[in-house]
Amino acid sequence: MRATQLFFPTLREVPSEAEMISHKLLLRGGFIRRVGAGIYDYLPLGYRVIKRIERIVREEMDAQGAQELLMPMLIPAELYQETGRWQEDVLFRLKDRADREYALGFTHEEVITDIVRRDVRSYRELPLNLYQIQTKGRDEPRPRGGVVRGREFIMLDAYSFDRSYEDMDLAYEKMRTAFSRIIARCGLDAIVVEAESGAIGGKENEEFMILADSGEDTVLRCANCGYAANAERCEVGRRDAGRPRVGKQDLRLVDTPGQRTIEEVTQFLGKRPEELVKTLIYKAGDRVIAALVRGDRDLNESKLARLLEVKRVEMADAETIESVTGAEVGFAGPIGLNNVKIIADWEVASMTDFVVGANKTDAHYVGANLDRDFKVDLWGDIRIASEGDPCPRCSGTLNSLRAIEIAHIFKLGTLYSEAMGAKFLDSDGREKPFVMGCYGIGVSRMLAAIPEVFNDADGMIWPISVAPFEVVVLLLNPEDDQQCNAAARVYEDLQLRGVDVLLDDRDERPGVKFKDADLIGIPIQVVCGRLASEGKVEVKLRAGGDKEQIDLGAAPSRVIQLRESLYQRLEEKADAVSVRRT
Ligand SMILES: [Zn+2]
């Protein structure tokens, strides 16, 4: 394609709306434009990248025996109501002229399960894996980073249906392989981590994370054994064995007028937050409980819910707290709290002589000790893991890393098939619910994650597999016949050989062309400038390396050689990850 025919409105200024580097570069390079909060246009260059990512996705999904279909974006309320997901906060709900309710699809478990329950009868028709690449709507409270977290985004979602859990595990492994290969072929390195299942549900699930300082997810990883998990999910190892449980101090009631927060109380008493035990009053189903964590820690509500075997827990309201503790909010403590169960984080077991609320307005206890002063009903891992915490699998410690979540895979089991009565007839003549898995990759998020990782001061550096063009030919002076001829020859020859090539034939200064070529990050550059008079052109890689001066006649072959070696590297990367099981 000729740049004179290509719409790519580049910007010289760094747009003020953008914080993440990829967001700035995609706006500057004319890949995307903002329409509204979390809503973006994909301009031609951006859409070219999207289409190339989609092509890789299709190749790898098809290679694993999955089949592509397309479901509607507009989904009747009844389907989401069948599984209770109509209430999800992220759902965009709308009504038609007859007042019937719909949602924009945010994930399609209900729709696909409906297809399968109507049309699949027998175990003979299994296994089945169906996928689509589609635009989704999600009412994000905090759209962020351009297309990293949009309210409208393009996603691959796949759904597997099997007759047994063993078969589901096989389907899951195939998708794990497909996803690992897709991400590697797009040039990225993912780490696969244990994660929370969120609005999708199911027991086992993993996320594919791209390490990036600007990422909004936190991953904890043990360098010693390789255990890795999303901070929301990450387990914390126990290290309290053999520690003394009762300290030296006597229990003392002290006045703490108006001091409610950890910060206020510790400052007022001249203590550190790790010398205090936080008492949090929670509602768990129809029960009220007290949860204890060290003062500088955060409670993990999902862990607490799992420990208590309830679906979710929520912070008790002020009224409940006051009736349970007999004090205003901010003074709850475990001592004398006899009417509710006390759940404590393992870490509290190694603490002595600590500060707790006194269940009395404007008062705390100091010198509190376990067993002597109060009893814990249930111990567990209930805090959010953080940097330096003990690894749950070995004697190592966890390191905290920032990451962008790019994909998420789930073993759903019969969660949706049972809720929706989706059954098949097995070989033993019995009706059984389908055993399902679901798998998603953020295609438009990938458009941002790639330049977030691959960039330099001059712009983006696209891996060849997803670049908007594989090669750019820079015609520095369109008025110069020799340069024109050289550029036309290389351009046409490469096109004939099936290379995706852009010819920058614009009437612009050479400096502008160099800047734009670097900004939009096409991996191979061919410069047709003054050397054309000597029958030579320059070839260079955007990612760095020396400029090569090459005879015009040999240039296309050299470009093809470079192109093949760039693809080769990505293929090797994909082969390496598809055999590795982290
Ligand atoms: Zn470890």
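In listed order, ligands and their atoms are each counted from 1. The basis for the numbers below is simple: all heavy atoms, side chains too, and nothing from hydrogens, waters or symmetry mates.
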Would you say the ring centroid of H23 lies under 6.0 angstrom from that of Y40?
-> yes

Metal site the Zn ion (ligand 1), protein N/O/S atoms found under 2.8 Å | 4

Under the ring-ring contact (aromatic ring centres under 6.0 Å, His included) test, residues paired with F331 that sit two or more places apart | H364

Going by the angle between their ring planes, with limits at 30° and 60°, are W462 and F31 parallel, tilted or perpendicular?
-> parallel

Do F106 and F153 pass the ring pair (Phe, Tyr, Trp, His ring centres under 6.0 Å) test, and can you show the C-alpha distance, the side-chain angles, and the key distance before you say yes or no?
-> CA-CA 9 Å; F106 76 113; F153 54 93; 9.4 Å; no

Heavy-atom check, side chain of L415 versus side chain of M436, under 4.5 Å = no

Give a yes or no on whether a salt bridge exists between R383 and D345, defined as a side-chain N under 4.0 angstrom from a carboxylate O.
-> yes

